[in-house]
Amino acid sequence: MADENIQDGSGGDGRGGDGIRTFPFPVDLSLLGVGMQVGPMGAGRTWHAQAPLHRVHRIDFHVVMLFTGGPVRHMIDFAEYEATAGDLLWIRPGQVHRFSQTSEYRGTVLTMQPGFLPRATVEATGLYRYDLPPLLHPDGARLAGLTAALDQLRREYEDATTLPLSLHTAVLRHTLSAFLLRLAHLAVSSAEAARQGRADTPGDTTFTLFRDAVERDFATNHSVSAYADALGYSRRTLVRAVRAATGETPKGFIDKRVVLEAKRLLAHTDMPIGRVGAAVGFPDAANFSKFFQQHTDRAPAAFRAELR
């Protein structure tokens, strides 16, 4: 089995002193060692022998589940999602999630290793659009297209003998890209509908650059002006782009990401609250507690206690 990235120092319970347990893409479980897997969901599927799926953990790869049954309840970053037949659930690297012990997962699951696809495809398919909804409800036509594309990908993946490995991998990349382009269009369309017509397209370069910068630097940079300066935009331009894409201010977007990471660490590790604050950019524990309470209406200790 693939080795896990033990960020928490725990003994296998998925929670501990220094961070949330993160499991890497299981290359050794992939046919011919390619950077993806696709196959039926089942009780025996796991990322690692020490990773019971019903316990909270992170993964450093993408998971897309297309359900043929349900309902299934699945937690992603403190939100419970209920999927049923015809729905898709897209979990991105770094998100904290947990499988339900009481739900029967039926359908097809796709996993993708970061770096398997070229950069241009990653951008075109919005693989790191954490602002997009993880649960998707395609209509009949879109579901048929996604199902056909995923079935074709599965056939190519399982045909490990027809082509040399280099050509087999190239075909997988192209077939995977076709599926992800359909999936990304559905995700963006769903987000646009939820925002009632506010513009948000993968071509919104200003927002895309800001989003990526926040994901990279939120733990050390909470300043809208600093992000604007670093990206070469005026503060007004950045405000317009972020509001058009998300309906919120750049400061609200940054704070939301900081709060999410703080919640992850409070809920799923035993790090002292002061260290949690320092990990998300608040060297002073009192300032972190004030910030967290302003955004959640709960003190960090109370939030942690509620989930233990």
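Between Val276 and Arg304, the closest side-chain pair of non-hydrogen atoms falls below 4.5 Å. The shortest distance between side-chain heavy atoms of Ile59 and His97 falls below 4.5 Å. A heavy-atom distance below 4.5 Å is found between the side chains of Met65 and Ile91. Side-chain contact between Thr175 and Val171 is present, with heavy atoms from C-beta onward closer than 4.5 Å. Side chains of Gln113 and His62 form no contact here, defined as non-hydrogen atoms less than 4.5 Å apart. Side-chain contact between Thr249 and Arg243 is present, with heavy atoms from C-beta onward closer than 4.5 Å. Taking the side chain as every heavy atom from C-beta outward, Thr121 and Leu176 never approach each other to under 4.5 Å. The shortest distance between side-chain heavy atoms of Pro93 and Tyr130 falls below 4.5 Å.
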Quiz item: Run the side-chain contact (heavy atoms from CB on, under 4.5 Å) check on Val280 and Phe282 step by step: do they pass?
Solution: CA-CA 6 Å; Val280 295; Phe282 290 90; 4.1 Å; yes
Practice problem: Apply the test salt bridge (charged side-chain N to carboxylate O under 4.0 Å, His left out) to residues Asp212 and Arg216: give CA-CA distance (whole Å), side-chain angles for both, the deciding distance (0.1 Å), then the verdict. | Solution: CA-CA 6 Å; Asp212 292 347; Arg216 183 180 63 248; over 6 Å; no
Quiz item: What do the steps show when you test Arg264 against Phe78 for side-chain contact (heavy atoms from CB on, under 4.5 Å), and what is the final call?
Solution: CA-CA 8 Å; Arg264 288 171 170 174; Phe78 306 97; 3.8 Å; yes
Practice problem: Begin with the C-alpha distance, continue with both residues' side-chain angles, and end with the deciding distance and a verdict on side-chain contact (heavy atoms from CB on, under 4.5 Å) for Leu117 and Ser177. | Solution: CA-CA 8 Å; Leu117 294 175; Ser177 296; 3.8 Å; yes
Exercise. Carefully, step by step, assess His74 and Phe67 under the rule ring pair (Phe, Tyr, Trp, His ring centres under 6.0 Å).
Key: CA-CA 12 Å; His74 196 100; Phe67 294 92; 8.1 Å; no
Exercise. Output, in order, the C-alpha distance, side-chain angles, deciding distance and verdict of side-chain contact (heavy atoms from CB on, under 4.5 Å) for His268 and His57.
Key: CA-CA 8 Å; His268 307 307; His57 62 285; over 6 Å; no
Exercise. Would you sort out whether Glu123 and Arg119 count as a salt bridge (charged side-chain N to carboxylate O under 4.0 Å, His left out), showing the intermediate values?
Key: CA-CA 6 Å; Glu123 289 296 324; Arg119 179 70 181 177; 2.9 Å; yes
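Linking ILVMFWY residues whenever their side-chain heavy atoms come closer than 4.5 Å, directly or via other members, places Leu143 and Leu150 in the same cluster. Residues Val72 and Ile76 are members of one and the same hydrophobic cluster, defined by side-chain heavy-atom contacts under 4.5 angstrom among Ile, Leu, Val, Met, Phe, Trp and Tyr. Under the 4.5 Å side-chain heavy-atom criterion for ILVMFWY residues, a single connected hydrophobic cluster contains both Leu186 and Leu127. Both Tyr157 and Leu32 are part of a single hydrophobic cluster, where members link through side-chain heavy atoms under 4.5 Å apart. Leu153 and Leu31 end up in the same hydrophobic cluster when Ile, Leu, Val, Met, Phe, Trp and Tyr side chains are linked at under 4.5 Å.
By the neighbour-count criterion of 12 heavy atoms within 6.0 Å, atom CZ of Arg106 is densely surrounded, having more than that number from other residues, nucleotides or ligands. Around the NE2 atom of His185, the shell of radius 6.0 Å holds no more than 12 heavy atoms that belong to other residues, nucleotides or ligands. Sparse packing is recorded around NE2 of His174, with 12 or fewer heavy atoms of other residues, nucleotides or ligands lying under 6.0 Å away. Within 6.0 Å of NZ on Lys290 lie no more than 12 heavy atoms contributed by other residues, nucleotides or ligands.
Side chain of Thr296 to main chain of Phe292: a donor-acceptor pair is present (N/O by atom type, distance under 3.5 Å, no hydrogens or angles). At least one donor-acceptor pair under 3.5 Å links the side chain of Arg58 to the backbone N or O of Gly94. The closest donor-acceptor contact from the side chain of Ser103 to the backbone of Arg73 lies under 3.5 Å. Distance alone, capped at 3.5 Å, is enough to place a donor-acceptor pair between the Asp60 side chain and the Phe25 backbone. Panel note: side chain Ser30, backbone Met36; a donor-acceptor pair is recorded below 3.5 Å. For the pair Tyr128 (side chain) and Val122 (backbone), a donor-acceptor distance under 3.5 Å is absent. With hydrogens and angles ignored, the 3.5 Å screen pairs no side-chain donor or acceptor of Glu158 with any backbone N or O of Arg155. Asp159 places no side-chain N or O within donor-acceptor distance of the main-chain N or O of Glu156, the cut-off being under 3.5 Å. Judged purely by atom type and a 3.5 angstrom limit, Tyr227 uses its side chain to pair as donor or acceptor with the backbone of Asn221. Of the possible polar contacts, none joining the Lys263 side chain to the Asp77 backbone as a donor-acceptor pair under 3.5 Å is found.
We find the CG-OG distance between Asp217 and Ser223 to be 11.5 Å, quoted to the nearest 0.5 Å. To the nearest 0.5 angstrom, Arg55 atom CZ is 9.0 Å from Gln101 atom CD. Note: Met41 CE to Leu66 CG = 6.5 Å, rounded to the nearest 0.5 Å. Here Phe179 contributes atom CZ and Leu110 contributes atom CG; the two are 6.0 Å apart, rounded to the nearest 0.5 Å. Expressed to the nearest 0.5 Å, how far OG of Ser100 lies from CG of Leu53 amounts to 11.5 Å. Expressed to the nearest 0.5 Å, how far CZ of Phe288 lies from CD1 of Ile273 amounts to 7.5 Å.
Taking both residues in full, the closest heavy atoms of Gln37 and Leu29 are given as NE2-O, 3.0 Å, listed atom of the first, atom of the second, then distance. Here the closest heavy-atom approach between residue Leu238 and residue Pro250 is recorded as O-CG, 3.9 Å. Between Asp87 and Pro138, the shortest heavy-atom distance links the atoms CA-CD, 4.4 Å. The minimum heavy-atom distance between Ala219 and Ala279, with the atom names listed, is CB-O, 3.3 Å. Taking both residues in full, the closest heavy atoms of Ala241 and Thr206 are given as CB-CG2, 3.5 Å, listed atom of the first, atom of the second, then distance. When every heavy atom of Leu135 is checked against every heavy atom of Glu82, the shortest pair comes out as CD2-O, 3.4 Å.
The only option from Leu165, Leu172, Leu167 that meets the side chain to side chain contact (heavy atoms under 4.5 Å, CB included) definition with Thr169 turns out to be Leu165.
In summary, the aromatic rings of Tyr233 and Phe207 are positioned with their centroids too far apart to meet the 6.0 Å limit. Note: Phe218 and His222 fail the aromatic proximity criterion, with ring centroids not under 6.0 Å apart.
Under 3.5 Å, the side chains of Arg235 and Ser225 contain a donor-acceptor pair of N or O atoms. A donor-acceptor pair shorter than 3.5 Å can be found between the side chains of Ser234 and Thr237.
Geometrically, Arg298 does not engage Phe303 in a cation-pi contact defined by less than 6.0 Å to the ring centre and at most 45° from the axis. A cation-pi geometry, defined here as NZ or CZ lying under 6.0 Å from the six-membered ring centre and within 45° of its normal, holds between Arg173 and Phe116.
Salt bridge Arg257/Glu261: present, at least one basic N to carboxylate O contact under 4.0 Å.
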